[in-house]
Amino acid sequence: MEKRVFDFSPGPAVLPVPALEEAQRNLVVMPGVGISILEISHRSPTFTQIIQQAEANLRQLLNIPDGYRVLFLQGGAHLQFAMVPMNLLQGTGKTADYIVSGSWGKKAMPEAERQGAAHVAWDGKSTNFNRVPKDSELDLTPEAAYVHFTSNETIQGVQFANEPAVGNVPLVCDASSDFLHRPLPIEKYGIVYACAQKNLGPAGATVVVIRDDLVEQSAENLPPMLSYRAMAEGKSLYNTAPVFAIYMVKLVTDWLIGEMGGLDKMYALNKKKAKMLYDVVDQSGGFYDGHAEPTSRSLMNVTFRLPKPELEGLFVEQAAQRDLLSLKGHRSVGGFRASIYNAMPLEGVERLADFMRDFAKNNG
Ligand SMILES: *Cc1c(COP(=O)(O)O)cnc(C)c1O
């Protein structure tokens, strides 16, 4: 095999090598099946077992209580931006609250405005989205249809350490870039959704964990592909499901349960990895300028700038010499972003931390 580099891309992103290797072994012929995973029917016994196991793995990892459905949908997080208000806002006469802590929250909200009334419960724009709000700062609508927030803002690298307090209003979370990075108290949520291609698998599948009463509330007038109720009744197989992507979600969750030993251990490792990089930032004597306020720092996307933009080209070039790739930040934040999802090995983060220390020493 050709050597693998350490790729810090925000998504599609690094996957666990054992999951890739198992997929590779089964790519031409699945043992006992005689054809490949790419060729089997979504209604075959083999795939039925795969999708059931993927769901069972998620239920085990997140301790998902009874009373929640797990759906495997398509259309990425963007379709959830639309499906949430289509199902739960339009026709209700209610208002949906949005906590806008970065680019993705900002992108989600207009989809609610198409369907009904949407209200900004908090907006981090005035400080260029460098922190998440305190509960006391939230301007919540009583009896809102739901409150939507983004647990980890992938572009800015700001993350909620805990769920915002929203009382009895259903809490809806876009967890696309931090799903499965720690245990979640699912009972605090109405809906948690995540596209797969950050922390869960390849692009093509989107996991939606949704409370039964919200499935029941789904608007009646929707095409089945846009209806939580129809997708739940069809057990995520209303139409041809993204077979390969769901298979990869199964392999990635097998890895989390098996080799990684579950989400408590994964969380501890994620904290350790993130701390390595933030320590370099904090101990650089101001050479590195971290974007996020320390209490809002993301464990998944570490964002920082250099003292002089002229150094950015050199940083990219010298990082690449050490096989450290895809570090350039989003243009709205500038600088750099190291995405260190579950599957980024500790060794990759150590190598990046060493590089950053050397670079600061040589250019500071
Ligand atoms: C990547 C990302 C999205 C967009 O996902 P798509 O699958 O491309 O629609 C939305 N929200 C967050 C938090 C993301 O990280």
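Start at 1 and go down the list; that is how both ligands and their atoms are numbered.
Between Asn301 and Ser339, the side chains place a donor N or O and an acceptor N or O closer than 3.5 Å (distance only, hydrogens not considered). Side-chain atoms of Glu153 and Ser298 include no donor-acceptor pair closer than 3.5 Å.
Here the two rings, on His78 and Trp104, have centers that are under 6.0 Å apart.
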Throw together a table of side-chain donor-acceptor distances under 3.5 angstrom for residues 258-271, partners on residues two or more places apart or in other chains.
residue : atom : partner : partner atom : Å
Asn270  : ND2  : His181  : O            : 3.1
Asn270  : ND2  : Met266  : O            : 3.3
Asn270  : ND2  : Asn342  : OD1          : 2.8

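In Gln49, the CD atom is not crowded: 12 or fewer heavy atoms of neighbouring residues, nucleotides or ligands sit closer than 6.0 Å.
Lys198 forms no cation-pi arrangement with Phe179, by the criterion of a distance under 6.0 Å to the ring centre and an angle within 45° of the ring axis.
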Any protein N/O atoms within less than 3.5 Å of an N/O atom in ligand 1? List the atom names and distances, or say none.
residue  : atom   : partner : partner atom : Å
ligand 1 : 7 (O)  : Ala77   : N            : 3.2
ligand 1 : 7 (O)  : Gln197  : NE2          : 2.9
ligand 1 : 9 (O)  : Ala77   : N            : 3.1
ligand 1 : 9 (O)  : His78   : N            : 2.8
ligand 1 : 9 (O)  : His78   : ND1          : 2.5
ligand 1 : 11 (N) : Asp174  : OD2          : 2.7
ligand 1 : 15 (O) : Thr154  : OG1          : 2.5
ligand 1 : 15 (O) : Lys198  : NZ           : 2.5

